[in-house]
Amino acid sequence: MSDPAQRAWSRRDVIRTGVVGAIGLGAAGSALGFPALGQAGPIPASPGHHGMSTVGDVTTSNFDPSGFLKDFDTGRVSRLPGGQLLREYEITALDRDIEVAPGVFFPAWTYNGQVPGPTIRCTEGDRLRIRFRNEGSHPHTMHFHGIHAAPMDGAFEFVQPGQEYTYEFDAEPFGLHLYHCHTVPLKRHIHKGLYGVFIVDPPGGRPPANELVMMMNGFDTNFDGENEIYAVNTVAFHYQRHPIPIRLHELVRAYVVNITEFDLINSFHLHGNFFRSYRTGTDLERSEWTDTVSLGQGERSILEFRYKYPGLFMFHAHQSEFAELGWSGVFNVRAPNA
Ligand SMILES: [Cu+2]
């Protein structure tokens with residue numbers, strides 16, 4: 001299986017012939033209905049019936065990817081004696097089975113029971129205090145990207161099951177960051193689901209926009225060291241079945257982070273449009289005007305765009321294989337009174 005083409009076929013075959021059996025869940029029938037190559041056909045009126053999608057839907061009672069797009073956790077806010085804003089968070093590591101495609105469950109390790117974990121949002125200069133409890137079955141940490149003291153880095157102080165640790169630091173620099181577990185073996189702890197988006201707004205904020213958080217991730221459902229399912233925000237094809245509504249001409253700001261394990265690179269490609277890319281979001285000057293951004297693991301970019309035409313527009317990984325294995329969604333661009 002060293003030939004990449006053969007490996008790709010074997011991954012698709014696993015899914016087409018029954019991912020459920022392949023991952024040992026024993027439930028009947030595969031939820032993923034992939035077409036043979038070349039059968040995708042024209043863009044349909046209803047994206048839910050696109051050939052490249054799933055049959056059925058996941059249960060969203062525990063985690064709803066549509067809600068997650070706009071779910072920003074700004075913490076419990078107070079003022080320190082010197083006047084600095086304090087944001088306090090409670091984050092708990094929990095083992096939990098999550099549904100990554102209809103009927104396909106993955107035995108995840110989670111922050112607060114969800115993958116990705118809560119999107120932590122603050123403004124540059126705020127003090128963050130994160131009380132981390134480990135109620136999982138393995139040692140874990142929280143490693144934040146950013147500038148902070150060594151004991152707050154979450155790289156060495158492994159928090160054992162039943163134990164807790166408090167991370168406290170001033171949020172800097174502003175930009176689009178992430179946090180994740182930094183316990184070894186690292187790729188196992190990350191790919192099991194211990195990661196989240198960390199947004200530090202510039203003082204004064206960014207211009208008002210329709211803001212969306214998108215974490216590109218993947219799941220190795222049979223633990224063979226490669227992903228069988230790809231997504232933004234965990235659920236394969238979710239935004240194809242549930243297109244993201246946006247208004248014609250409105251400013252859309254997507255916070256795109258790549259945490260995908262096992263693959264060297266992932267990407268975001270937008271249809272019928274171009275976006276301004278602010279790599280890492282640490283500079284207010286755009287770095288690119290393009291329609292595709294490629295990101296290695298841990299890289300991220302803020303993308304800003306407005307739609308000139310109404311209708312359904314796809315967004316997806318430009319790695320076609322990832323797109324066909326779940327990392328594919330649709331924007332539904334509506335005129336103001338439509
Ligand atoms: Cu861990």
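The first residue in the sequence is number 1, and the count goes up from there. Quick caveat, the model's predicted, so the values are computed rather than measured.
Applying the side chain to side chain donor-acceptor pair (under 3.5 Å) criterion to Glu99, with sequence neighbours excluded, gives no partner residue. Every residue two or more places apart in sequence or in another chain that forms a ring pair (Phe, Tyr, Trp, His ring centres under 6.0 Å) with His148 is listed here: Phe169. Every residue was checked against the ring pair (Phe, Tyr, Trp, His ring centres under 6.0 Å) condition with Phe156, not counting sequence neighbours, and none meets it. Applying the salt bridge (Lys or Arg N to Asp or Glu O under 4.0 Å) test to Glu288 and every residue at least two apart in sequence or in another chain returns nothing. Not counting sequence neighbours, the partners of Glu250 by the side-chain contact (heavy atoms from CB on, under 4.5 Å) test are Asn210, Ile246, Arg247, Val252. Under the salt bridge (Lys or Arg N to Asp or Glu O under 4.0 Å) criterion, Glu135 pairs with Arg133, not counting sequence neighbours. Under the rule for a ring pair (Phe, Tyr, Trp, His ring centres under 6.0 Å), the partners of Phe313 that lie at least two apart in sequence or sit in another chain are Tyr307. Arg188 meets the side chain to side chain donor-acceptor pair (under 3.5 Å) test with no other residue; sequence neighbours excluded. Residues that satisfy the side chain to side chain donor-acceptor pair (under 3.5 Å) test with Asp73, not counting sequence neighbours, are absent from this structure. Here Thr292 pairs with His269 under the side chain to side chain donor-acceptor pair (under 3.5 Å) rule; sequence neighbours left out.
In this structure, Phe315 and Phe268 have parallel ring planes: the angle between them is below the 30° cut-off, well short of the 60° mark.
The closest side-chain heavy-atom distance from Val235 to Arg241 is not below 4.5 Å. Residues Leu178 and Val197 have side chains not in contact (no heavy-atom distance under 4.5 Å, counting atoms from C-beta outward). Two residues are said to be in side-chain contact when any heavy atoms from C-beta on lie closer than 4.5 Å; Thr280 and His145 fail this criterion. Two residues are said to be in side-chain contact when any heavy atoms from C-beta on lie closer than 4.5 Å; Val333 and Tyr309 fail this criterion. Ile190 is not listed as a side-chain neighbour of Cys181, based on a closest heavy-atom distance of 4.5 Å or more. Annotation: side chain of Met215 is not in contact with side chain of Val115 (no heavy-atom distance under 4.5 Å). The shortest distance between side-chain heavy atoms of Asn233 and Tyr239 falls below 4.5 Å. By the 4.5 Å heavy-atom criterion applied to side chains, Pro173 and Val200 are not counted as neighbours.
Transitive grouping of hydrophobic side chains (ILVMFWY, heavy atoms separated by less than 4.5 Å) keeps Leu325 and Val58 in distinct clusters. At a threshold of 4.5 Å between side-chain heavy atoms, the hydrophobic network of Ile, Leu, Val, Met, Phe, Trp and Tyr places Phe219 and Phe68 in one connected group. Cluster annotation: Ile259 is connected to Val100 through the hydrophobic network of ILVMFWY side chains, with a link wherever side-chain heavy atoms come within less than 4.5 Å. By the rule that hydrophobic residues join a cluster once side-chain heavy atoms approach within less than 4.5 Å of another member, Leu303 and Trp327 end up as members of one cluster. Residues Phe275 and Phe331 share a single hydrophobic cluster, defined by chaining ILVMFWY side chains whose heavy atoms lie under 4.5 Å apart.
Separation of the His316 and Tyr230 ring centroids does not fall under the 6.0 Å cut-off.
Side chain of Gln84 to backbone of Gly125: a donor-acceptor contact under 3.5 angstrom is found. In terms of modelled atom types and a separation under 3.5 Å, the side chain of Tyr167 and the main chain of Met142 share a donor-acceptor contact. No donor-acceptor distance shorter than 3.5 angstrom exists from the side chain of Asp291 to the backbone of Leu270, with no hydrogens or angles considered. With Asn266 contributing its side chain and Asn217 its backbone, the two residues share no donor-acceptor pair below 3.5 Å. Counting only distance, with no hydrogens or angles, the side chain of Ser287 and the backbone of Ser277 share a donor-acceptor pair below 3.5 Å. The backbone N or O of Pro102 sits nowhere less than 3.5 Å from a side-chain atom of Asp57 that would complete a donor-acceptor pair. Of the possible donor and acceptor atoms, none in the side chain of Arg286 sits under 3.5 Å from a partner among the backbone N and O of Leu284. Judged by distance alone, the side chain of Asn134 and the main-chain N or O of Val159 form a donor-acceptor pair under 3.5 Å.
Residue pairs meeting the side-chain hydrogen bond (donor to acceptor under 3.5 Å, both in side chains) criterion with at least one partner in residues 108-127, sequence neighbours excluded, are Arg87-Asp126, Arg121-Asp201, Arg121-Glu211, Arg121-Tyr255, Arg127-Glu168, Arg127-Asp170.
For the pair Leu251 and Glu304, the tightest heavy-atom approach, listed with the atom from each and the gap, is CD1-CB, 4.0 Å. Listed here is the closest heavy atom pair of Thr221 and Glu228: N-OE1, 2.8 Å. Taking all atoms of both residues into account, the shortest heavy-atom contact from Ala231 to Ala236 is CB-N, 3.9 Å. The minimum heavy-atom distance between Gly196 and Pro116, with the atom names listed, is CA-CB, 4.3 Å. The nearest pair of heavy atoms linking Pro118 to Tyr179 is O-OH, 2.6 Å. Closest approach of Ala171 to Leu128, counting heavy atoms only: CB-CD1, 4.1 Å.
Here the options are Asp263, Thr260, Asp220, the test is side chain to side chain donor-acceptor pair (under 3.5 Å), and the partner is Asn227; only Asp263 passes.
Crowding of Lys187 atom NZ: a count of heavy atoms from other residues, nucleotides or ligands under 6.0 Å not exceeding 12. Other residues, nucleotides and ligands contribute more than 12 heavy atoms inside 6.0 Å of the CD1 atom of Ile147.
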Item to check | Audit row: His191, His189, ring pair (Phe, Tyr, Trp, His ring centres under 6.0 Å) steps and yes/no | outcome: CA-CA 6 Å; His191 129 267; His189 282 251; over 10 Å; no
Checklist entry - Does the pair Arg206 and Phe174 meet the rule for a side-chain contact (heavy atoms from CB on, under 4.5 Å), with working shown? => result CA-CA 11 Å; Arg206 295 175 190 275; Phe174 76 77; 3.9 Å; yes
Item to check | Worked check of side-chain contact (heavy atoms from CB on, under 4.5 Å) between Arg279 and Leu295 | outcome: CA-CA 10 Å; Arg279 276 203 173 250; Leu295 300 168; 3.7 Å; yes
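With rounding to the nearest 0.5 angstrom, the CD1 atom of Ile91 is 12.0 Å from the CZ atom of Arg131. Here the CD1 atom belonging to Ile98 is positioned 8.0 Å from the CZ atom belonging to Phe63, to the nearest 0.5 angstrom. Rounding to the nearest 0.5 Å places CD1 of Ile199 at 5.0 Å from CZ of Phe72. Taking CZ of Arg253 as the start and CZ of Phe305 as the end, the distance is 11.0 Å to the nearest 0.5 Å. The line from OG1 of Thr183 to NZ of Lys192 is 13.5 Å long, rounded to the nearest 0.5 Å. We find the OG-CD distance between Ser328 and Gln240 to be 4.0 Å, quoted to the nearest 0.5 Å.
A salt bridge links Glu88 with Arg129: the distance from a Lys NZ or Arg NE/NH1/NH2 to an Asp or Glu carboxylate oxygen falls below 4.0 Å.
Between the side chains of Glu157 and Thr141, no donor N or O sits under 3.5 Å from an acceptor N or O.
Other residues sharing a hydrophobic cluster with Phe274 under the 4.5 Å side-chain heavy-atom criterion for ILVMFWY residues are Trp289.
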